[in-house]
Amino acid sequence: SRQGCSKSVAVSRLWGFLPLRFTQRESMGAYDQFLLTKSQLDGDYGFRPLWMPDFLIDFQSAMVEWACRKGRAALFEDCGLGKTVQELTWGENVVRMTNSRVLLAAPLAVALQIVREAQKFGIEVHLSRDGSLKPSGIHVTNYERLHLFDANDFVGFIGDESSILKSFDGARKAEITQFMRKMKYRLLATATAAPNDFIELGTTSEALGYLGYMDMLNRFFKNDLNNSASGRMRGEVIKWRLKGHAEGPFWQWVCSWARAVRKPSDLGFDDSRFVLPPLTEVEHMVEAKTLADGMLFALPAVGLQEQREERRRTLQERCEMAASLVADTGKPAVVWCDLNDEGDLLEKLIPDAVQVSGKDSDDSKEEKLGAFSDGQIRVLVTKQKIAGWGMNWQHCAHMTDFPSHSFEGYYQKVRRFWRFGQQSPVRVDLITTEGQKTVMANQKRKAEQADRMFTNLVAAMNDAISIDRASHFAKQQELPSWL
């Protein structure tokens, strides 16, 4: 049928970049296999999937099969495409293949959500908060509790919302990378793989055991200094850019360990099940009651110091506006904040609001976030770094936010609600002041840049998946007769 043919073509597109089929590899000699393992672009450490459940949608099955065969892979899929069920299916296949353990690490409170998803689909998982283990199976925990586990007890690792790795010099990135360094099977999944720059893909590559971050930079990128310097020099960020001749090889290399998908049609599948509802963003300009020192009227803040002073000076006015927008609606809402004082004031101004703050224990945070997910709390006040990763809150369609320079933070906040599966139009109220105009402009610029970047990422990867990454010569070489 046409539908079956379309699905076959889509699967072929997904698998088109693989250099060797398993049957070809099995027929190779020992030395040829040795040379293949030395190639940086190679890396099929996996196996044929042993279990492919019926509840997976067509493109999800194709992604899981590819990830199983790769062994070490990254899934860059937009919010709501079912990364969790793909992670669980991949982990269950590794468990059945090895009869051992797989550790799934997730952001705070997302672990409970994953356990519920597993129960819904009939996949056995074990939630471990103290490092306790079962003889085999998928074990779920938070990144904050990773230090309680021994990497030698696991054969596989799944990193949910792996964007946490993009903190290049962060202790958390080093801890996670070190934990999975010797594992044969690794899977990382996120919706924001590289929101600001393609070089951020290097952190994922390093964690999966392919090129290290600096190795990737030196091979495919260059800077104006023509050296390996990174970070800042003389107060300016050292900028790296793709080498002109390396763009094609770079995307071929990325395609060897990652797939990027915004919607199923990126892989040739049908989009009819994945249609987002309308998103309405409304800006509210709050008038400051007090002006900056020495000013006769409000002006846009210049520099981080003035912007921070503006945020604190207008804290009361902004919080009162946010409270007025959610107080009497009778519907679920999330009020995002950045400062502790903002959170405390918002909790006082909104009668039925509950705040999840940094001073709460991890158990208390999980309890409150779970209560909001279950509808027991109507208005939640919290920060993006606490609850902005991985939560599925399709029951809520309203949020307020105080804009900041972080586009990824804003994207993740909105995507807690505006995701595939949301049935209602989503409203986002952005509360700002005259002095914060430059912040809003910067966030919009980053949003446009990130949209173009992810579009280019998907397009470049789809162009590269059809390119064979290796040349195989079947004929024996012969010397010319005149030699």
Side-chain angles (χ1 to χ4, degrees), residues 11 14-15 22 43-77 80-107 110-129 131-143 145-146 149-162 176 179-180 182-191 207-209 257-259 261 264 267 390 392:
V11 174
L14 181 65
W15 284 90
F22 272 67
D44 293 328
Y45 304 100
F47 53 90
R48 294 185 179 94
L50 305 177
W51 176 63
M52 197 62 65
D54 295 335
F55 53 73
L56 290 180
I57 304 173
D58 47 12
F59 83 92
Q60 294 174 343
S61 298
M63 295 288 275
V64 170
E65 182 176 359
W66 170 80
C68 285
R69 288 180 179 266
K70 288 301 300 178
R72 303 177 187 179
L75 303 180
F76 303 148
E77 300 182 32
L81 288 177
K83 291 188 293 294
T84 299
V85 70
Q86 295 173 56
E87 295 168 9
L88 291 169
T89 304
W90 182 90
E92 179 64 21
N93 273 281
V94 173
V95 169
R96 296 190 183 194
M97 179 69 181
T98 63
N99 194 31
S100 187
R101 307 182 190 92
V102 170
L103 184 64
L104 195 163
V110 179
L112 286 173
Q113 183 175 273
I114 290 175
V115 171
R116 293 179 182 179
E117 286 283 306
Q119 292 172 348
K120 181 173 71 174
F121 291 108
I123 301 175
E124 184 178 357
V125 299
H126 311 289
L127 179 63
S128 178
R129 292 189 173 94
S132 59
L133 301 175
K134 299 286 185 179
S136 64
I138 302 173
H139 292 67
V140 182
T141 192
N142 303 126
Y143 284 115
R145 296 186 171 100
L146 196 61
F149 297 86
D150 185 349
N152 295 319
D153 294 328
F154 302 92
V155 297
F157 181 87
I158 303 172
D160 185 61
E161 297 295 342
S162 59
I176 298 170
F179 187 87
M180 66 171 79
K182 297 297 182 180
M183 292 189 186
K184 188 175 182 181
Y185 305 107
R186 311 175 202 176
L187 181 69
L188 300 178
T190 182
L208 290 174
W257 51 265
R259 294 261 57 81
V261 182
L267 297 174
N392 299 335

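Just so you know, residue 1 is the first one in the sequence shown, and it goes up from there.
Under the rule for a ring pair (Phe, Tyr, Trp, His ring centres under 6.0 Å), the partners of Tyr185 that lie at least two apart in sequence or sit in another chain are Phe47. Scanning for salt bridge (charged side-chain N to carboxylate O under 4.0 Å, His left out) contacts around Arg96 gives Glu92, with sequence neighbours left out. Listed by chain and residue number, Tyr143, Phe157 satisfy the side-chain contact (heavy atoms from CB on, under 4.5 Å) test with Ala105 (two or more places apart in sequence, or in another chain). In this structure, Glu161 has no side chain to side chain donor-acceptor pair (under 3.5 Å) partners at least two apart in sequence or on a different chain. Every residue meeting the side-chain contact (heavy atoms from CB on, under 4.5 Å) condition with Ala111, not counting sequence neighbours, appears here in chain and number order: Leu127, Val140, Asn142. Residues passing the ring pair (Phe, Tyr, Trp, His ring centres under 6.0 Å) test with Phe149, sequence neighbours excluded: none. With sequence neighbours left out, Val110 forms a side-chain contact (heavy atoms from CB on, under 4.5 Å) with Ala106, Pro107, Gln113, Ile114, Asp160, Met391. With sequence neighbours left out, Lys182 forms a side chain to side chain donor-acceptor pair (under 3.5 Å) with no residue at all. Ala74 meets the side-chain contact (heavy atoms from CB on, under 4.5 Å) test with Phe76, Thr204, Leu208, Trp257, Ala258; sequence neighbours excluded. Residues passing the side chain to side chain donor-acceptor pair (under 3.5 Å) test with Gln86, sequence neighbours excluded: Glu77. Every side chain to side chain donor-acceptor pair (under 3.5 Å) that Asp150 has, sequence neighbours left out, goes to Asn152. Glu87 pairs by the salt bridge (charged side-chain N to carboxylate O under 4.0 Å, His left out) definition with nothing, not counting sequence neighbours.
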Step-by-step side-chain contact (heavy atoms from CB on, under 4.5 Å) determination, Cys68 to Trp90: CA-CA 6 Å; Cys68 285; Trp90 182 90; 3.8 Å; yes
Worked check of side-chain contact (heavy atoms from CB on, under 4.5 Å) between Leu104 and Val125: CA-CA 10 Å; Leu104 195 163; Val125 299; over 6 Å; no
Step-by-step side-chain contact (heavy atoms from CB on, under 4.5 Å) determination, Met63 to Val261: CA-CA 10 Å; Met63 295 288 275; Val261 182; 3.8 Å; yes
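Counting heavy atoms from C-beta on, the side chains of Trp51 and Val95 never come closer than 4.5 Å. Contact annotation: the side chain of Leu187 never approaches that of Ser162 to less than 4.5 Å [non-hydrogen atoms, C-beta and beyond]. Using a 4.5 Å cut-off on side-chain heavy atoms (C-beta onward), Asp153 and Leu103 make no contact. Between Met97 and Val155 the shortest side-chain heavy-atom distance does not fall below 4.5 Å. Proximity of Phe121 to Thr84: side-chain heavy atoms (C-beta onward) are nowhere separated by under 4.5 Å.
Across all non-hydrogen atoms, the minimal contact from Leu56 to Met52 is CD1-SD, 3.7 Å. Summarising the geometry of Gly91 relative to Ile158, their closest heavy-atom pair is CA-CD1, 3.9 Å, with the distance given to 0.1 Å. Contact record, Lys83 with Ala189: CD-CB, 4.1 Å, taken as the closest heavy-atom pair. Contact detail for Thr89 and Pro53: the closest heavy-atom pair is CG2-CD, 3.6 Å.
Here the straight-line distance linking atom CD of Glu65 with atom NZ of Lys70 works out to 13.5 Å at 0.5 Å rounding. Interatomic distance, Phe154 CZ to Met180 CE, rounded to the nearest 0.5 Å: 12.5 Å. How far CG of Leu133 is from NE2 of His126: 9.5 Å, rounded to the nearest 0.5 Å.
Of the possible donor and acceptor atoms, one in the side chain of His139 sits under 3.5 Å from a partner among the backbone N and O of Lys134. Here the side chain of Thr98 pairs a donor or acceptor atom with the backbone of Val94 at under 3.5 angstrom.
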